[in-house]
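Chain identifiers are assigned alphabetically (A, B, ...) following the order of the sequence lines, protein sequences preceding nucleic acid strands; residue numbering begins at 1 within each chain.
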Protein chains: 2
Amino acid sequence: MSASSTSGVARRRRRSDRSPTIHDVAKAAGVSKSAVSLAIRNQKGVSEATREHILAVAQELGYRSNVWARSLVQGRTGLVGVLLQDLGNSYHRDVTAGVEDAAAEHDLRLVIGHGRRDQKRLQAELDSLLALGVEGVVIISAWVPPAYLDQVARRVPLVVVGRLPQHVPGLDSVANQDEIGARAAVEHLVELGHTRIAHLTGSTGPAAMQRRRAFRQMMRSLWPEVEPQVEGPDQLQAAIKYLVFQVRQEVAAPTAVFTQNDRIAAELVGACIDAGVRLPEQLSIVGYDNSSVCRMLRPQLTSVDQPRVKMGHMALNMLFERLGGRTEDKHLTVAPSLVVRGSTTSPALQHT
Amino acid sequence: MSASSTSGVARRRRRSDRSPTIHDVAKAAGVSKSAVSLAIRNQKGVSEATREHILAVAQELGYRSNVWARSLVQGRTGLVGVLLQDLGNSYHRDVTAGVEDAAAEHDLRLVIGHGRRDQKRLQAELDSLLALGVEGVVIISAWVPPAYLDQVARRVPLVVVGRLPQHVPGLDSVANQDEIGARAAVEHLVELGHTRIAHLTGSTGPAAMQRRRAFRQMMRSLWPEVEPQVEGPDQLQAAIKYLVFQVRQEVAAPTAVFTQNDRIAAELVGACIDAGVRLPEQLSIVGYDNSSVCRMLRPQLTSVDQPRVKMGHMALNMLFERLGGRTEDKHLTVAPSLVVRGSTTSPALQHT
DNA sequence: GAAGTGTCATGGAACGTTCCAGAGCTGTTA
DNA sequence: TAACAGCTCTGGAACGTTCCATGACACTTC
């Protein structure tokens with residue numbers, strides 16, 4: 001008995017510094033646990049006076065309802081997982097903010113998992129979110145194998161923000177229309193008078209491919225006899241070097257470059273400045289994402305903007321519809337828009 | 001008929017899709033729930049044959065242990081909260097990565113909450129982490145009222161990464177030694193030959209104050225007769241404009257600026273370029289944080305680097321020590337180091 | 001053959017919460 | 001005054017899991 005009571009005491013000791021439970025509040029307030037439960041959930045069945053008293057006591061004890069116990073009995077957690085690839089990324093931040101705001105409207109809370117640009121980790125993180133009992137998952141530009149997506153989508157509603165590498169039944173998606181973004185970029189350059197426009201890409205992901213394809217199509221329809229110049233995605237550094245070399249040679253060199261994203265555009269800008277290429281006089285550059293670096297660079301970067309917060313909003317709302325019982329798949333798109341800044345100008349200025 | 005029954009079945013499947021419980025597995029395998037519990041946790045007390053049989057059945061049913069129920073009875077969740085102010089921030093990303101790696105070593109999982117630079121939200125997020133039952137919290141540069149920190153620290157171990165605005169008993173912290181960083185920056189500039197060095201700051205937060213104070217002290221000890229020039233933190237844009245104006249006038253203008261962080265440095269760089277100030281010839285600039293923008297800018301930014309991942313590591317390890325029973329407070333510091341890039345040069349070059 | 005020692009397996013008691021049926025009131029109506 | 005209705009409030013039964021005491025054997029040892 002004494003031996004077993006020792007461990008019992010150890011356990012109990014641990015319990016004494018545990019968070020206060022509904023029982024503690026009930027005891028301190030002199031009411032039943034049921035009354036406390038009703039009071040803190042703002043349900044009726046308890047008088048206003050009692051409610052205030054209970055809330056005051058709860059506040060004083062620092063009581064916080066235990067989500068696990070609640071979800072255990074209710075059978076739902078009120079948790080939504082957000083899986084993102086890179087924490088330090090303003091695109092992900094903004095989409096997440098949108099998801100979060102929409103979630104708050106439906107009394108859902110966010111749990112964030114991040115894959116750190118590592119596929120294994122991404123999957124592990126997704127597993128972990130499911131183990132936490134999220135009721136749905138929003139995946140932000142995170143490339144997870146389709147087979148795995150399918151498996152997850154069978155268990156909980158799943159919404160992907162961004163392009164899907166391939167069609168996966170049973171899940172929703174919201175993406176910006178990369179074709180429109182790419183076309184807007186090229187149109188802008190064409191209107192300025194550019195004819196020799198190159199594309200610089202650093203990835204073979206679905207979004208990148210879409211942009212590249214749209215670029216090619218657009219260029220071919222404008223100048224059918226010329227093969228559109230696409231650099232990358234392999235050996236990005238070499239591709240950048242080559243572009244800069246071309247521009248310095250000034251022989252049939254591109255006068256403008258549409259890049260796959262702002263990060264790559266920033267690298268190109270840096271390489272140009274290092275090589276003494278005058279921007280935007282000698283080369284116009286258009287980015288994609290309208291991220292915070294656009295305004296840090298000089299010249300400031302013209303870029304394609306996606307309605308990021310709105311996309312997050314839409315993603316969560318679709319997820320909510322699924323929770324409500326929708327079974328058919330839904331794939332939404334939003335139109336990106338071009339934000340013109342100083343990195344693009346007319347090629348007429350190039351030989352002045 | 002067949003169409004409607006399909007959807008009906010699909011729906012029903014989804015509802016009764018409620019994950020199988022340990023009871024279901026026990027029933028299907030013809031053993032007690034206790035046996036299943038032992039088997040899936042790989043504990044002894046069950047024969048190898050039975051275990052294999054149970055695991056096979058569990059696998060077939062797609063059984064996944066319910067984390068909530070487990071943590072409810074075990075009294076621990078294995079969860080650690082990370083509270084950060086801004087998702088799209090590489091400093092936070094790196095610290096979080098460090099925390100995460102260290103957590104994995106101790107079989108702890110991360111739950112990320114983010115305050116989106118809003119104090120109310122920050123507190124709500126912290127509340128929510130506690131409600132989830134995290135066993136400890138790491139707060140990354142998130143300014144939460146000390147009274148609130150104190151309240152939280154009474155309930156769970158709390159580690160702050162970054163400077164504390166004031167001493168709060170019962171919690172740990174890990175911070176970079178801002179004095180050392182500031183001094184390294186100024187020393188570097190002095191060694192290059194600068195004498196008129198200004199400081200540009202945009203915040204009154206504890207880290208910013210520390211850097212500012214160290215800057216003042218260092219400058220006073222070097223040139224006691226001159227009042228150190230500090231611009232900001234109010235009206236940052238005006239402060240930047242004024243600095244640029246001074247440099248263009250070239251009358252007793254600062255030849256170098258040490259900024260509170262990279263973001264502010266980037267703005268200064270942009271303003272200089274816009275105004276035609278040649279960098280680094282006319283003005284040397286040192287940032288703080290060694291963030292990813294340093295290498296995007298031209299000239300590339302000399303900056304003070306903090307061992308971010310290591311700080312995250314240390315933070316979680318301290319938290320783990322607390323969980324193990326340590327009661328005395330611990331405040332660690334790490335030494336930052338200067339990363340020299342192209343934004344700093346000798347003032348001798350300035351009038352060439 | 002009794003006692004002791006393992007191993008394997010079991011059912012009941014927690015854990016902190018919500019839900020539910022119902023108890024005790026007070027007031028209203030027939 | 002009986003019947004009823006409407007509030008408050010309550011204790012017990014879930015929820016899915018782990019922990020614990022104990023039972024049922026099969027061996028060994030005295």
- Task: Considering just the side-chain nitrogens and oxygens of B/Gln74, establish if one lies under 4.0 Å of OP1 or OP2 belonging to D/dC19.
- Result: yes
- Taking for each residue the nucleotide of DNA chain C bearing the nearest heavy atom, is the 5' side occupied by B/Ser34 or by B/Leu72? B/Ser34
- Phosphate OP1/OP2 of C/dT17: any A/Ser65 side-chain N/O under 4.0 Å: no
- Message: Counting the atoms with a prime plus P, OP1 and OP2 as sugar-phosphate, which does A/Ser71 contact under 4.0 Å by heavy atoms, base, sugar-phosphate, or nothing?
- Response: nothing
- Just to confirm, is there a sub-4.0 Å distance from OP1 or OP2 of D/dC9 to any side-chain nitrogen or oxygen of A/Ser47? yes
- Message: For a quick check of understanding: with a heavy-atom distance under 4.0 Å over all strands, which category does B/Val31 fall into, base, sugar-phosphate or nothing?
- Response: sugar-phosphate
- Task: Spell out yes or no: do the side chain of A/Ser32 and the base of D/dG11 have one donor N/O and one acceptor N/O closer than 3.5 Å?
- Result: no
Side-chain donor-acceptor distances from residues 308-317 of chain A under 3.5 Å, at least two apart:
from	atom 1	to	atom 2	distance (Å)
A/Arg308	NE	A/Asp94	OD2	3.3
A/Arg308	NH1	A/Asp289	O	3.4
A/Arg308	NH2	A/Asn290	O	3.1
A/Asn317	ND2	A/His313	O	3.4

- Checking D/dT17, C/dT17, C/dT18 against the side chain of A/Ser37 (C-beta onward), the nearest is C/dT18
- Quick one: B/Arg64 CZ to D/dT17 C1', roughly how many Å, whole number? 16 Å
- Message: Under a 4.0 Å threshold between the charged nitrogen and the carboxylate oxygen, would A/Asp86 count as salt-bridged to A/Arg116?
- Response: no
- Query: Any donor-acceptor pair under 3.5 Å between the side chain of B/Lys33 and the base of C/dG12?
  - Reply: yes
- Side chain of A/Thr21: nearest nucleotide among C/dA9, C/dT17, D/dT17? C/dT17
- May I have the distance from A/Leu38 (atom CG) to C/dG16 (atom P), rounded to whole angstrom? 19 Å
- Task: Measure the distance from NZ on A/Lys44 to C1' on D/dG6 and round it to the nearest whole Å.
- Result: 10 Å
- Query: Is B/Val36 close to B/Val31 at the side-chain level, that is, under 4.5 Å between some pair of heavy atoms?
  - Reply: yes
- Task: Dump the intermediate steps for side chain to side chain donor-acceptor pair (under 3.5 Å) on B/Ser65 and B/Arg70, then the final yes or no.
- Result: CA-CA 8 Å; B/Ser65 131; B/Arg70 167 178 295 174; 3.3 Å; yes
- Task: Could you check if a side-chain atom of B/Leu126 sits within less than 4.5 angstrom of a side-chain atom of B/Tyr148, using non-hydrogen atoms only?
- Result: yes
- Task: Measure from CD on A/Gln43 to C1' on C/dC20 and round the result to the nearest Å.
- Result: 12 Å
- Item | For atom CG of A/Asp24 and atom P of C/dT17, their distance in whole Å | 9 Å
- Tell me which nucleotide among C/dT17, C/dT10, D/dT18 gets nearest to the side chain of A/Tyr63. C/dT17
- Query: According to a strict under-4.0 Å criterion, is B/Arg76 in side-chain N/O contact with OP1 or OP2 of D/dT18?
  - Reply: no
- Task: Report the distance from atom CD of A/Glu48 to atom C1' of D/dC9, rounded to the nearest whole Å.
- Result: 15 Å
- Item | Atom-pair distance (CD1 on B/Ile22; P on C/dA9), nearest Å | 15 Å
- Task: Please determine, by modelled atom types, if A/Ser47 and A/Thr50 share a side-chain donor-acceptor pair under 3.5 angstrom.
- Result: yes
- Message: So, OP1 or OP2 of C/dT17: does either fall under 4.0 Å of a side-chain N or O from A/Arg41?
- Response: no
- To the nearest angstrom, how far is A/Trp68 atom CH2 from C/dT17 atom P? 14 Å
